[in-house]
Amino acid sequence: MHPQQFTADPPSTDGTPRTYDVIIAGCGPTGAMLAAELRLHDVRVLIVEQETEPASAVRIVGLHIRSLELMAMRGLLDRILPHGRKRPASAFFAAIPKPAPTGLDSRYAYLLGIPQPVIERLLEERAIELGAQVRRGRAVAGFEQDDEGVTVDLADGEQLRSRYLVGCDGGRSTVRKLLGVGFPGEPARTECLMGEMEVGVPQEEIAAKVAEIRETHQRFWLRPAGVGVYSVLVPAAGVSDRAEPPTLDDFTHQLRAIAGTDFGVHSPRWLSRFGDATRLADRYRVGRVLLAGDAAHIHPPIGGQGLNLGVQDAFNLGWKLAARIRGWAPEALLDTYQAERRPVAEAVLDNTRAQTELLSTEPGAQAVRRLFTELMDFDEVNLHLLEKITAIGIRYDFGAGPDLLGRRLPDMDIKQGHLYGLLHRGRGVLLDRTERLTVGGWSDRVDHLAESTAALEVPCLLLRPDGHVAWIGDDQQDLDYHLARWFGKPAH
Ligand SMILES: Cc1cc2nc3c(=O)[nH]c(=O)nc-3n(C[C@H](O)[C@H](O)[C@H](O)COP(=O)(O)OP(=O)(O)OC[C@H]3O[C@@H](n4cnc5c(N)ncnc54)[C@H](O)[C@@H]3O)c2cc1C
């Protein structure tokens, strides 16, 4: 059941700002996902988005296994699947062509190729459906926080008030800059031009030439992206003036320089430029203001991880921030957001740094690439790299305990169907094979599933709303301690 949709506050007549529980700056995938997660817990959310229309640049992004699992946990996957194309879970690491490793422990072990504007639209629609408000064409320009909340200034002069502000406003985040949070890392070393356009030569001719060039140039492609339309990627070096949007001439110049032909490209749909700058925010939270998604981390798109990482930040933060607003969050819960997610981003930055090196045409880098290509024939190496990119290998540090503690629990069959079906409402779940434990006074936040048939190798476990294992055991007293650790004081 969906929470009640709340209606917009009436315009204030006495000059006091409209108030919300949470204001989110930016309606990209991270902001929209966060809003939906908060609405599961009846939090009053406003998204302020500077663009009047959703983005049009059609980056085909891939939803990796963990993101597909999150969508399944909230009942969203069936809505998303018809818009994407399932591809094998392989060849993600530095585009080294290897088959998917055996032993991938997920019901959703594939990549879903889907245009970014489509996933953004679906997430925004879902947030609105659950009752979030989205105001487009309005930009967050300033804010001031105090003990009770944050006063947010919009660029048009309007003032709003909320208990928390979350900057999901992308790599150039205004919120992060206004917070004064450092964003150290490396500036872009290489930039690429990307766009969609029509071509003037037959498909076979393009395919043969592209295959030949990609043996040495990884930052180059022409891929079919619709009837007669191709997605084109070329290096920007030499033609790119960062201050100006790229032109079709920039593309034809680069295509001729690399391929000896411009393939007769014409009629561009859209053209864009991106770089491989790699940066990580020093802090994810300052008081009542938080950062998530590209606002907190940027890195090269190799491996297709940025959107996935942002959506997963939102999934980690949503229930914790909601708990804070609902009044039951244990004191340190909100701090676990940075403690858990910043190291994950750090690791992603590192794997993109490594992959970028492997794309270089330098002889040394090419030799390392050949070595990696050999090593990935070992299934364990292949699996290790794939678990990194798809985020299913993450283990949060919840203290000493079995290996499963802190990891995500894969979906599994249970009496009622499948486990992820029980997580749609964003609540905790006690999965109890002993069938004698209880969630007692936490039953308003945690569901109890007495389930002797579940394919678990442990007697009982507590799942957080984000599907990570928060406790394993069979002792009621120990369970109560951990229920309080993650879900605060019992209601009765
Ligand atoms: C070529 C390319 C390919 C990529 N491929 C992949 C891929 O395959 N897989 C993947 O996971 N990722 C991929 N990415 C990365 C992905 O696009 C980003 O990581 C993702 O868009 C980040 O989402 P976000 O919501 O955090 O930020 P954004 O998408 O940048 O959204 C931020 C939003 O905030 C708004 N905003 C900015 N400032 C303000 C303000 N002051 N007030 C209000 N609103 C504001 C912006 O208009 C925007 O809508 C790719 C990136 C590129 C460039």
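Computed from a predicted model, the values in this text were never measured in an experiment. Whatever order the structure lists ligands and atoms in, that order sets their numbers, starting from 1.
- Under 4.0 angstrom from ligand 1, the non-hydrogen atoms of Cys168 all belong to its backbone.
- The shortest N or O to N or O distance between Glu49 and ligand 1 is under 3.5 Å.
- Taking every heavy atom of Thr174 and a limit of under 4.0 angstrom, the matching atoms of ligand 1 come to 41 (N).
- Atoms of ligand 1 lying under 4.0 Å from any heavy atom of Gly170, numbered from 1 in the order shown and given with element: 27 (O), 30 (O), 32 (C).
- Because its NZ or CZ atom is both nearer than 6.0 Å to the ring centre of Tyr110 and within 45° of the ring axis, Lys86 counts as a cation-pi partner of that residue.
- Less than 4.0 angstrom separates some heavy atom of Gly293 from each of these atoms of ligand 1: 26 (O).
- Checked by distance only, ligand 1 and Pro301 stay at 3.5 Å or farther apart across all their nitrogen or oxygen atoms.
- In the vicinity of Met194, heavy-atom distances shorter than 4.0 Å reach the ligand 1 atoms 1 (C).
- The residue from Pro29, Cys27, Cys192 that puts a heavy atom closest to atom 29 (O) of ligand 1 is Pro29.
- Looking at ligand 1, you'll find an N or O of Leu307 within less than 3.5 Å of one of its N or O atoms.
- The contact set between ligand 1 and Glu51, taken as ligand atoms under 4.0 Å from a residue heavy atom, comprises 47 (O).
- Atom 39 (C) of ligand 1 has its nearest heavy-atom neighbour, among Gln50, Glu120, His299, in Gln50.
- Residues Ile394 and His468 meet the side-chain proximity criterion, which asks for heavy atoms closer than 4.5 Å.
- Residue Gly62 has at least one heavy-atom neighbour below 4.0 Å for each of these atoms of ligand 1: 7 (C), 8 (O), 9 (N).
- In this structure, the ring of Phe263 has its center no less than 6.0 angstrom from the ring center of Tyr230.
- Atoms of ligand 1 found under 4.0 Å from any heavy atom of Ala139 (numbered from 1 in listed order, with element): 42 (N), 43 (C).
- Contact annotation: for Gln116 versus ligand 1, heavy atoms closer than 4.0 Å belong to the side chain alone.
- Put simply, the side chain of Gln312 does not reach to within 4.5 Å of the side chain of Val344, judged on heavy atoms.
- Side-chain contact between Cys168 and Leu34 is present, with heavy atoms from C-beta onward closer than 4.5 Å.
- For Arg407 (side chain) and Gly393 (main-chain N/O), a donor-acceptor pair under 3.5 Å exists by modelled atom type.
- Considering backbone and side-chain N/O of Gly306, one or more are found under 3.5 Å from N/O of ligand 1.
- Cation-pi geometry between Arg176 and Phe183 is met: under 6.0 angstrom from the ring centre, within 45 degrees of the axis.
- No donor-acceptor pair under 3.5 Å is formed between the side chain of Glu186 and the backbone N or O of Asp276.
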What's the verdict on salt bridge (Lys or Arg N to Asp or Glu O under 4.0 Å) for Glu125 and Arg121, showing C-alpha distance, side-chain angles and the deciding distance?
-> CA-CA 6 Å; Glu125 275 172 14; Arg121 174 173 57 78; 3.3 Å; yes
